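Shown next, in structure tokens, is the structure this report addresses.
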Amino acid sequence: MTTSADTQNVRDPELPGRLLAVERDELIPLLRSLADADFARATRACPGWTVRDVLAHCSAALTRVVENRFEPGVFSPESNDRDIAERADWTNAQVVDELERGMTEAGAAIAEAGGPLDAVALGEWVHAGDVRDVLGVPGAYAGAGLPYALELLARVTRERGHPAVHADLDDVDEPVVLGEVSGEQPPARYLGDAATLVRLYAGRPVDGGGFELAGAEAGELNIFGG
């Protein structure tokens, strides 16, 4: 995993696609094993959305990427709700099929876009964690894609000018530097596990403590807003 500031400054165009492919291989078999009742479960991270709604949003977003369909207002709450409504008559299997295709094909389109769509892959990975969280799957925001997700998170937070955070992770060998590092002030410090760090940056519920954050407020880390 890339962690040095020098290497972080170089975009790896294949990284989002690798993250999507690894997540596809973990998530799709799980989804195909679910009962219909599992798709109707309410999510914690996305109030008002069921597991199926989250998956329909994810599959629609990736299809838009593959087809290069980005009309004004795309990915707004209203646009997302319309995408979900357009799939209301689909079976759960059809939603999963579209998601699998998107996770397979979107990497090339994201790479070609030159950077603006990289965060879409990170968002898809986080939403997969939202689904696992509802289903009680251990390691909801971890798994095989975690190294790629942390690398992408570091780049996205740096490019968006988020506060610098030096993260010493209990379960990752090397520290991760997130946000925009400057000489004006030292970075904030995070101590804890990687999944909790992901939850904080994604604005997801954090159960209990188990981490330390000094020099920044948790709300400052959220890259998705709201």
Side-chain angles (χ1 to χ4, degrees), residues 14-113 116-146 148-149 152 198 202-204 224 226:
E14 305 301 324
L15 176 60
R18 285 198 297 273
L19 177 59
L20 288 173
V22 168
E23 185 53 52
R24 175 200 62 205
D25 293 345
E26 284 199 336
L27 182 64
I28 298 302
L30 171 65
L31 298 179
R32 296 204 187 283
S33 74
L34 298 181
D36 285 343
D38 291 321
F39 286 88
R41 294 192 189 193
T43 63
R44 292 200 306 161
C46 305
W49 280 10
T50 63
V51 167
R52 178 193 163 96
D53 292 336
V54 170
L55 298 174
H57 161 62
C58 288
S59 66
L62 290 175
T63 296
R64 287 182 175 280
V65 169
V66 171
E67 297 178 354
N68 194 30
R69 290 191 293 107
F70 302 109
E71 68 270 10
V74 69
F75 300 146
S76 67
E78 296 78 14
S79 174
N80 294 338
D81 286 341
R82 286 195 297 271
D83 284 341
I84 293 170
E86 287 175 1
R87 289 154 177 78
D89 294 334
W90 292 20
T91 65
N92 292 327
Q94 286 175 308
V95 173
V96 174
D97 286 344
E98 184 186 41
L99 180 60
E100 182 176 18
R101 286 194 300 272
M103 297 180 93
T104 301
E105 299 175 7
I110 292 173
E112 186 176 352
L117 298 178
D118 289 2
V120 172
L122 184 60
E124 294 279 325
W125 184 81
V126 169
H127 275 316
D130 298 338
V131 169
R132 284 192 289 267
D133 182 58
V134 174
L135 299 174
V137 177
Y141 299 93
L146 179 62
Y148 304 121
L152 190 51
V198 170
R204 267 45 181 176
F224 296 121

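Just so we're clear, the structure is a prediction, and the values are computed from it rather than from any experiment. Count residues from 1 along the sequence.
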Steps toward side-chain contact (heavy atoms from CB on, under 4.5 Å) verdict (Arg132, Val51)
CA-CA 9 Å; Arg132 284 192 289 267; Val51 167; over 6 Å; no
I would like to know whether Cys58 and Met103 meet side-chain contact (heavy atoms from CB on, under 4.5 Å); could you show each step before the answer?
CA-CA 9 Å; Cys58 288; Met103 297 180 93; over 6 Å; no
Start with the C-alpha gap between Asp83 and Arg64, add the side-chain angles, then the distance that decides, and say whether salt bridge (charged side-chain N to carboxylate O under 4.0 Å, His left out) holds.
CA-CA 10 Å; Asp83 284 341; Arg64 287 182 175 280; 3.0 Å; yes
Between Phe39 and Thr50, is the side-chain contact (heavy atoms from CB on, under 4.5 Å) condition met? List the steps.
CA-CA 7 Å; Phe39 286 88; Thr50 63; over 6 Å; no
Evaluate the salt bridge (charged side-chain N to carboxylate O under 4.0 Å, His left out) criterion for residues Asp36 and Arg52: first the C-alpha distance (whole Å), next the side-chain angles of each, then the deciding distance (0.1 Å), finally the verdict.
CA-CA 9 Å; Asp36 285 343; Arg52 178 193 163 96; over 6 Å; no
Stepwise, does the side-chain contact (heavy atoms from CB on, under 4.5 Å) test hold for Leu135 with Leu34?
CA-CA 9 Å; Leu135 299 174; Leu34 298 181; 3.8 Å; yes
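Considering all non-hydrogen atoms of both residues, Cys46 and Val54 come closest at SG-CG2, 4.2 Å. Residues Gly73 and Ser79 approach most closely at O-CB, 3.3 Å, considering heavy atoms. Annotation for Ala45 and Arg204: closest pair CB-NE, 3.5 Å, computed over non-hydrogen atoms. Nearest approach of Ala144 to Glu26, heavy atoms of both residues: N-OE2, 3.2 Å. For Leu19 against Gly145, the heavy-atom pair with the smallest separation is CD1-O, 3.4 Å. Taking all atoms of both residues into account, the shortest heavy-atom contact from Glu98 to Ser59 is OE1-OG, 2.7 Å.
Using modelled atom types, no side-chain atom of Glu23 and backbone atom of Ala128 make a donor-acceptor pair closer than 3.5 Å. Side chain of Arg41 to backbone of Val134: a donor-acceptor contact under 3.5 angstrom is found. At least one donor-acceptor pair under 3.5 Å links the side chain of Asp38 to the backbone N or O of Ala35. Of the possible polar contacts, none joining the Asp133 side chain to the Asp130 backbone as a donor-acceptor pair under 3.5 Å is found. Remark: the backbone N or O of Thr91 is paired with a side-chain donor or acceptor of Gln94 at under 3.5 angstrom.
For the pair Leu146/Trp125, a side-chain contact is recorded, criterion being any heavy-atom separation below 4.5 Å from C-beta on. In this structure, the side chains of Leu31 and Asn92 stay at 4.5 Å or more apart for every pair of heavy atoms. Counting heavy atoms from C-beta outward, Asp81 and Trp49 have side chains that approach closer than 4.5 Å. A heavy-atom distance below 4.5 Å is found between the side chains of Leu55 and Val131. Contact check for Glu124 versus Leu99: side-chain heavy atoms found under the 4.5 Å cut-off. Counting heavy atoms from C-beta outward, Leu20 and Ile110 have side chains that approach closer than 4.5 Å. Side-chain contact between Ser33 and Leu30 is present, with heavy atoms from C-beta onward closer than 4.5 Å.
Classified by interplanar angle (parallel below 30°, tilted 30° to 60°, perpendicular above 60°), the ring pair His127/His57 is perpendicular. Under the 30°/60° scheme for interplanar angles, the aromatic rings of Phe75 and Phe70 are found to stand perpendicular.
Every residue was checked against the salt bridge (Lys or Arg N to Asp or Glu O under 4.0 Å) condition with Arg82, not counting sequence neighbours, and none meets it. Applying the salt bridge (Lys or Arg N to Asp or Glu O under 4.0 Å) test to Glu112 and every residue at least two apart in sequence or in another chain returns nothing.
Pairs of residues two or more places apart, or lying in two chains, never qualify as salt bridge (charged side-chain N to carboxylate O under 4.0 Å, His left out) while including a residue from residues 134-146.
Inspection of the Arg24 and Thr104 side chains reveals an N or O donor paired with an N or O acceptor under 3.5 Å.
Atom CZ in Arg101 sits 7.0 Å away from atom OG1 in Thr63 (nearest 0.5 Å). Separation of atoms CG (Asp25) and CD (Glu100) is listed at 8.5 Å; rounding is to 0.5 Å. The distance from the CG atom of Leu122 to the OH atom of Tyr148 is 15.0 Å, given to the nearest 0.5 Å.
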